[in-house]
2 protein chains.
Amino acid sequence: MTVKYKEIADCLEQEIQNGKFDDTKKLPTEEELMKKFEVSRNTIRKAINQLVNRGYIYQVQGSGMFLREQSVTDYINLGSLRGLTKDLAAKEIVTKILSVQVIEADEEKTKKLRCKVGAKIYYVKRLRIVDKEPFSIEISYFNKDIVPYLNEEIASHSIYSYLINDLKLNISFADKVINCEKIKAETAELLQVHPNDPALIIENTVCLANGTIFELSKSIFHYQKAKILNRINFQ
Amino acid sequence: MTVKYKEIADCLEQEIQNGKFDDTKKLPTEEELMKKFEVSRNTIRKAINQLVNRGYIYQVQGSGMFLREQSVTDYINLGSLRGLTKDLAAKEIVTKILSVQVIEADEEKTKKLRCKVGAKIYYVKRLRIVDKEPFSIEISYFNKDIVPYLNEEIASHSIYSYLINDLKLNISFADKVINCEKIKAETAELLQVHPNDPALIIENTVCLANGTIFELSKSIFHYQKAKILNRINFQ
DNA sequence: AAGTGGTCTAGACCACCGT
DNA sequence: CGGTGGTCTAGACCACTTC
């Protein structure tokens with residue numbers, strides 16, 4: 001991960017977050033950045049491209065690179081694959097474990113996780129509490145071939161930190177399907193809403209860099225508390 | 001728009017959609033594509049990058065480029081900025097105009113559209129009907145400086161086709177905020193659901209390449225019919 | 001006309017996958 | 001080990017914005 005363009009992107013991201021360009025809303029030119037970081041133009045452009053994709057800036061040909069409006073806190077960031085802990089870093093997040101166990105894949109899980117019937121998978125159900133109020137229910141299934149170990153201790157913090165930093169998993173891409181439904185009675189009770197109230201749902205299929213599916217998850221959000229932000233660029 | 005890498009990306013996209021690589025689920029190597037299209041490696045890689053961002057393929061270092069699982073046509077594609085007509089191309093879409101008029105910006109619109117108080121803006125309210133059933137209500141506000149003309153005729157087809165192909169607007173990026181709410185009585189009636197049923201909401205702020213905001217919109221979707229798909233890549 | 005981003009080339013070397 | 005993608009460089013020319 002010691003790659004020049006990512007280091008530059010992370011550095012600039014930090015500077016943006018620290019408000020370094022807030023007065024002009026404008027970044028240095030590509031030439032200036034080339035000199036500052038002592039790299040070629042393509043490397044600068046690749047770093048810049050990261051910031052564009054992360055939703056921080058936009059580029060105007062002939063004019064420059066400018067900050068995008070609005071802070072990104074308080075929203076679930078659909079574009080990141082980092083989990084709630086990172087999205088809502090400014091808030092206090094408590095996780096209550098409802099279940100962590102190894103189960104055998106039934107036919108549906110086999111199909112969705114693309115594993116064999118009877119393969120071992122981790123089943124994790126958690127209640128996420130944000131600023132002391134119930135925020136979401138998260139039900140996850142992990143392929144045990146890829147996530148060989150998991151326990152309540154790990155699940156009560158950030159599973160994604162564990163997967164990335166400890167297991168060194170190379171998480172690469174995901175499909176996310178969003179819809180809304182009437183909430184079921186048992187879930188409603190956990191989220192402290194009424195049965196048949198709305199619920200915002202995100203279903204996730206997450207893959208490693210080699211294309212292997214390693215996680216399925218379903219998150220059910222409190223309809224008054226969860227807002228999803230997605231910044232997109234036309235291509 | 002006659003740019004090599006985009007032409008190559010569009011060509012490969014077409015081939016993917018035509019099922020050309022369905023047997024192996026694998027694309028030709030970069031070298032093969034360089035020869036086929038007679039361009040440099042960087043240009044091929046830029047084209048490939050488009051396909052990755054559009055959610056068609058993933059790359060595995062040392063191994064090759066592979067198709068992602070088929071994206072179904074029944075989803076609203078959050079990553080595109082093309083409007084419902086393109087997202088649900090396989091379906092019959094009918095648009096019923098509820099209102100098209102020029103209004104003056106109030107304080108709230110002024111702030112969100114970043115225009116002057118009293119500036120002229122188009123207000124468009126439409127009911128979208130998919131396969132003969134009510135699907136969504138779309139309320140849009142366009143800055144009249146940028147969209148000088150609009151009428152029922154245009155609004156009853158694809159506004160985005162008009163903006164891109166006729167007005168030659170350079171639509172570039174957008175913020176999308178998704179949440180869900182209890183639906184209000186008047187909207188419920190239009191979508192043929194019950195008051196207080198769930199509603200899936202997408203609020204959109206859309207910008208041109210130079211950063212100007214030109215559209216605000218709010219789409220209220222039928223909770224049982226709308227599903228949003230988002231394909232993301234970890235960066 | 002000067003400044004700044006967008007496209008494209010040619011070539012080098014590295015990192016990872018599979019045999 | 002050969003094949004294949006990932007990173008990086010140096011330089012050229014084009015397109016758009018701004019003055």
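Values reported hereafter were calculated over all heavy atoms of this structure, with side chains retained and with hydrogens, waters and symmetry mates removed. A, B, ... follow the sequence lines: proteins, then strands. Residue 1 opens every chain.
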For atom [atom1] of [X] and atom [atom2] of [N], their distance in whole Å:
{"X": "Lys35(A)", "N": "dT9(D)", "atom1": "NZ", "atom2": "P", "answer": "16 Å"}
{"X": "Asn49(B)", "N": "dG6(C)", "atom1": "CG", "atom2": "P", "answer": "14 Å"}
{"X": "Glu30(B)", "N": "dA10(C)", "atom1": "CD", "atom2": "C1'", "answer": "15 Å"}
{"X": "Ile57(A)", "N": "dT4(C)", "atom1": "CD1", "atom2": "P", "answer": "15 Å"}
{"X": "Met65(B)", "N": "dT4(D)", "atom1": "CE", "atom2": "C1'", "answer": "9 Å"}
{"X": "Tyr58(B)", "N": "dC17(C)", "atom1": "OH", "atom2": "C1'", "answer": "13 Å"}
{"X": "Gln50(A)", "N": "dT7(D)", "atom1": "CD", "atom2": "C1'", "answer": "12 Å"}
{"X": "Phe66(A)", "N": "dT4(C)", "atom1": "CZ", "atom2": "P", "answer": "10 Å"}

Look at the side-chain N and O atoms of [X] and state whether any lies under 4.0 Å from the OP1 or OP2 oxygen of [N].
{"X": "Gln59(B)", "N": "dG6(D)", "value": "yes"}
{"X": "Tyr5(A)", "N": "dC8(D)", "value": "no"}
{"X": "Thr43(B)", "N": "dT9(C)", "value": "yes"}
{"X": "Lys4(B)", "N": "dT9(C)", "value": "yes"}
{"X": "Lys26(A)", "N": "dT4(C)", "value": "no"}
{"X": "Lys46(B)", "N": "dC8(C)", "value": "no"}

Other residues, nucleotides, ligands: >12 heavy atoms within 6.0 Å of Glu107(A) CD: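 Open: at most 12 neighbouring heavy atoms sit under 6.0 Å from CD of Glu107(A).
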
Lys35(A), NZ atom: more than 12 neighbouring heavy atoms under 6.0 Å: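 No - once you tally the heavy atoms of other residues, nucleotides and ligands closer than 6.0 Å, there are 12 at most.
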
Base-contact (B) and sugar-phosphate-only (S) positions in nucleotides 11-19 of chain D, heavy-atom cut-off under 4.0 Å, - elsewhere: -B--BBBS-

N-O pairing of Glu138(A) and Lys218(A) below 4.0 Å: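 Looking at Glu138(A) and Lys218(A), the cut-off is not met.
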
Salt-bridge contact Asp145(B)-Lys116(B) (side-chain N to carboxylate O under 4.0 Å):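 No, no charged N to carboxylate O under 4.0 Å.
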
Cation-pi check, Lys46(A) onto Tyr5(A) ring (under 6.0 Å, within 45° of axis):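 Cation-pi check for Lys46(A) and Tyr5(A): passes.
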
Ring-face cation contact, Tyr75(A) with Lys227(A), 6.0 Å cut, 45° max: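 Ring-cation test returns no.
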
5' precedence on DNA chain C between Arg45(A) and Ile44(B) (nearest-nucleotide basis):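 The 5'-side residue here is Arg45(A).
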
Of the listed nucleotides dC8(C), dT9(D), dT4(C), the one nearest the side chain of Ser40(B):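 So the side chain of Ser40(B) is nearest to dC8(C).
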
Euclidean distance, Glu15(B) CD relative to Leu27(B) CG, rounded to 0.5 Å: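 So the gap between those two atoms works out to 8.5 Å.
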
